[in-house]
Undergrad: 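Here you go, one structure.
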Amino acid sequence: MAMMKMKINGYRLRALLSTSLSSSPFHSVPSRTFSSSSFENVGFIGLGNMGSRMANNLLKAGYKMTVHDVNCNVMKKYSDMGVSTKQTPFEVAEASDVVITMLPSSSHVLNVYNGPDGLLQGGDLLTPQLFIDSSTIDPQTSRKLAVSVSNCILKEKKENWENPVMLDAPVSGGVVAAEAGSLTFMVAKICNNLAMAISMLGLSEALALGQSLGITASTLTKIFNSSSARCWSSDSYNPVPGVMQGVPSSRNYSGGFASKLMAKDLNLAAASAEEVGQRCPLTFLAQNIYTEICNDGHETEDFSCVFQHYYSGKSKRN
């Protein structure tokens with residue numbers, strides 16, 4: 001899996017922009033090295049929990065920003081901050097050297113790129129040299145958009161290249177990492193989130209079973225973190241309320257990575273598995289569990305809430 005660990009600030013954005021496209025999954029696009037000097041005008045579309053924090057770090061780094069979001073209140077907030085706001089994605093593209101999108105689903109991304117007044121509505125001539133999609137969407141949509149972008153021509157030839165390029169660069173780290181500027185940008189995020197979901201389910205199941213056998217979650221966590229069961233879910237994102245501070249389980253599963261987003265990613269993983277004929281029984285089991293969690297009214301709670309709402313696990317205090 002190709003992965004780039006970087007901060008969303010001036011230096012780290014330059015690191016991303018100077019990365020060769022040879023690591024891209026879009027093999028129809030030739031390998032190319034970018035110079036960050038050409039990317040001072042940054043467009044950002046999608047200013048939700050993740051996107052707003054990413055955009056804010058770019059602003060702190062001194063980039064000239066142009067932004068768009070469907071939420072009028074968010075747009076007013078950025079306008080009041082002195083940031084250029086546009087009513088359509090197309091207007092953002094016209095003002096930008098690079099456009100970053102951070103959107104909830106494939107349909108949103110398709111609409112922003114191909115919809116009325118979308119990023120690609122200028123015909124075959126485009127202003128931005130680079131499009132970076134940090135949404136987590138299905139690979140098929142990413143590939144189609146990448147081909148569409150690469151078939152266009154730049155309005156202004158820059159640094160000996162004539163065609164714009166799209167990078168599929170979803171992120172990992174959640175709201176906390178977005179705030180801190182320490183997100184990991186990666187290819188194959190669907191596989192990463194699939195592994196993360198299954199890991200959380202396995203840990204939650206073991207912790208709930210241990211509690212039923214009379215072993216406290218704190219004791220089990222110490223054992224796991226000192227043995228082969230140690231994982232990110234146990235030592236950095238523990239799902240048991242009261243065991244760890246600063247994680248969603250310590251605040252009624254608020255914030256973090258919503259269960260509905262995990263269910264969406266598992267749907268994408270399941271669809272990808274079916275498309276290539278890969279046997280993935282745990283994928284479909286995890287998909288069913290998170291679908292049930294969402295249907296039971298917990299879709300906005302962090303995905304670690306599965307410990308409490310599916311396995312009926314207890315907090316540390318109980």
Side-chain angles (χ1 to χ4, degrees), residues 49-50 104 136 170-180 182-184 189-270 273 280-318:
N49 287 335
M50 293 290 291
T136 300
V171 301
S172 178
V175 172
V176 174
E179 182 84 41
S182 58
L183 289 168
T184 298
K189 190 191 175 186
I190 290 174
C191 296
N192 178 81
N193 282 12
L194 166 62
M196 185 169 68
I198 293 173
S199 173
M200 181 60 74
L201 290 171
L203 177 71
S204 296
E205 188 167 301
L207 288 168
L209 175 60
Q211 287 183 333
S212 297
L213 295 173
I215 310 171
T216 68
S218 294
T219 298
L220 278 171
T221 297
K222 290 177 182 177
I223 293 172
F224 292 163
N225 290 344
S226 301
S227 65
S228 57
R230 183 175 185 174
C231 61
W232 177 80
S233 296
S234 67
D235 69 5
S236 300
Y237 213 81
N238 199 283
V240 182
V243 168
M244 184 177 295
Q245 296 302 309
V247 296
S249 63
S250 69
R251 49 179 185 269
N252 279 333
Y253 300 107
S254 64
F257 189 61
S259 292
K260 64 180 179 181
L261 297 179
M262 180 57 81
K264 180 206 73 172
D265 289 352
L266 290 170
N267 290 339
L268 294 175
C280 295
L282 296 182
T283 297
F284 294 97
L285 178 59
Q287 178 190 29
N288 289 336
I289 290 175
Y290 276 100
T291 297
E292 180 179 330
I293 288 292
C294 292
N295 291 339
D296 287 344
H298 307 294
E299 61 176 15
T300 61
E301 296 178 35
D302 180 74
F303 80 105
S304 61
C305 76
V306 69
F307 168 77
Q308 193 170 83
H309 300 312
Y310 185 82
Y311 291 107
S312 301
K314 303 176 179 62
S315 69
K316 177 185 175 183
R317 295 177 293 277
N318 294 335

Undergrad: Take Thr221 and Asn238, measure what side chain to side chain donor-acceptor pair (under 3.5 Å) needs, and give me the verdict at the end.
TA: CA-CA 8 Å; Thr221 297; Asn238 199 283; 3.1 Å; yes

Undergrad: For residues Met50 and Val171, report the shortest heavy-atom separation together with the two atoms involved.
TA: CE-CG2, 3.7 Å

Undergrad: What's the spacing between Met196 CE and Ser304 OG if we round to 0.5 Å?
TA: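 Rounded to the nearest 0.5 Å, the CE-OG separation comes to 10.0 Å.
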
Undergrad: On a heavy-atom basis, which atom in Cys305 and which in Ile293 lie closest, and how many Å separate them?
TA: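 Scanning both residues, the minimum pair turns out to be SG-CG2, 4.0 Å.
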
Undergrad: Would you mind listing every salt bridge (charged side-chain N to carboxylate O under 4.0 Å, His left out) that reaches into residues 242-251, with sequence neighbours excluded?
TA: none

Undergrad: Can you give me the closest heavy-atom contact between Ala286 and Ile198, atom names plus distance?
TA: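 Distance-wise, the nearest heavy atoms are CB-CG1, 4.3 Å.
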
Undergrad: If a pair satisfies salt bridge (charged side-chain N to carboxylate O under 4.0 Å, His left out) and one of its residues is in residues 297-311, list it, with sequence neighbours excluded.
TA: none

Undergrad: When you look at Glu205 and Leu201, which way does the side chain to side chain contact (heavy atoms under 4.5 Å, CB included) test go after all the steps?
TA: CA-CA 6 Å; Glu205 188 167 301; Leu201 290 171; over 6 Å; no

Undergrad: Given Gln211 and Phe307, is the side chain to side chain contact (heavy atoms under 4.5 Å, CB included) satisfied, shown in steps?
TA: CA-CA 12 Å; Gln211 287 183 333; Phe307 168 77; 3.5 Å; yes

Undergrad: If you measure from OG1 on Thr300 to CG on Leu261, what distance do you get to the nearest 0.5 Å?
TA: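 Nearest 0.5 Å value for the OG1-CG distance: 10.5 Å.
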
Undergrad: Please name all residues satisfying side-chain contact (heavy atoms from CB on, under 4.5 Å) with Asp235, sequence neighbours left out, ordered by chain then number.
TA: Asn225, Arg230

Undergrad: Using 0.5 Å steps for rounding, measure from the OG1 atom of Thr136 to the CD1 atom of Ile190.
TA: 7.5 Å

Undergrad: Not counting sequence neighbours, which residues clear side-chain contact (heavy atoms from CB on, under 4.5 Å) with Ala195? List them please.
TA: none

Undergrad: Nearest 0.5 Å please: distance from the SG atom of Cys280 over to the CG atom of Leu285.
TA: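 Result: 12.5 Å between the selected atoms.
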
Undergrad: Go through the steps to decide whether Met200 and Tyr290 satisfy the test side chain to side chain contact (heavy atoms under 4.5 Å, CB included), and finish with yes or no.
TA: CA-CA 11 Å; Met200 181 60 74; Tyr290 276 100; 3.9 Å; yes

Undergrad: Please identify each residue that fulfils ring pair (Phe, Tyr, Trp, His ring centres under 6.0 Å) with Tyr237, with sequence neighbours left out.
TA: Trp232, Phe303

Undergrad: Look at the side chain of Ser226 and the backbone N and O of Ile223, then say whether any donor-acceptor pair between them is shorter than 3.5 Å.
TA: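 Not confirmed, Ser226 side chain does not pair with Ile223 backbone.
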
Undergrad: Can you give me the closest heavy-atom contact between Pro248 and Gly256, atom names plus distance?
TA: CG-CA, 4.0 Å

Undergrad: Ignoring hydrogens and geometry, is there a side-chain-to-backbone donor-acceptor pair from Tyr253 to Pro239 under 3.5 Å?
TA: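 Answer holds: yes.
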
Undergrad: Run the side-chain contact (heavy atoms from CB on, under 4.5 Å) test against Thr216 and tell me which residues pass, sequence neighbours left out.
TA: Ser218, Thr219

Undergrad: Ala217 and Leu207: which non-hydrogen atoms are nearest, and at how many Å?
TA: O-CD2, 4.2 Å

Undergrad: Any chance you could measure Met244, atom CE, to Ser234, atom OG, to the nearest 0.5 Å?
TA: 7.5 Å

Undergrad: Return the minimal non-hydrogen interatomic distance between Leu266 and Ala197, and the atom names on each side.
TA: CD2-CB, 4.0 Å

Undergrad: As an exercise, state the distance from CG of Leu209 to CG of Leu213, rounded to the nearest 0.5 Å.
TA: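 It comes to 4.5 Å.
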
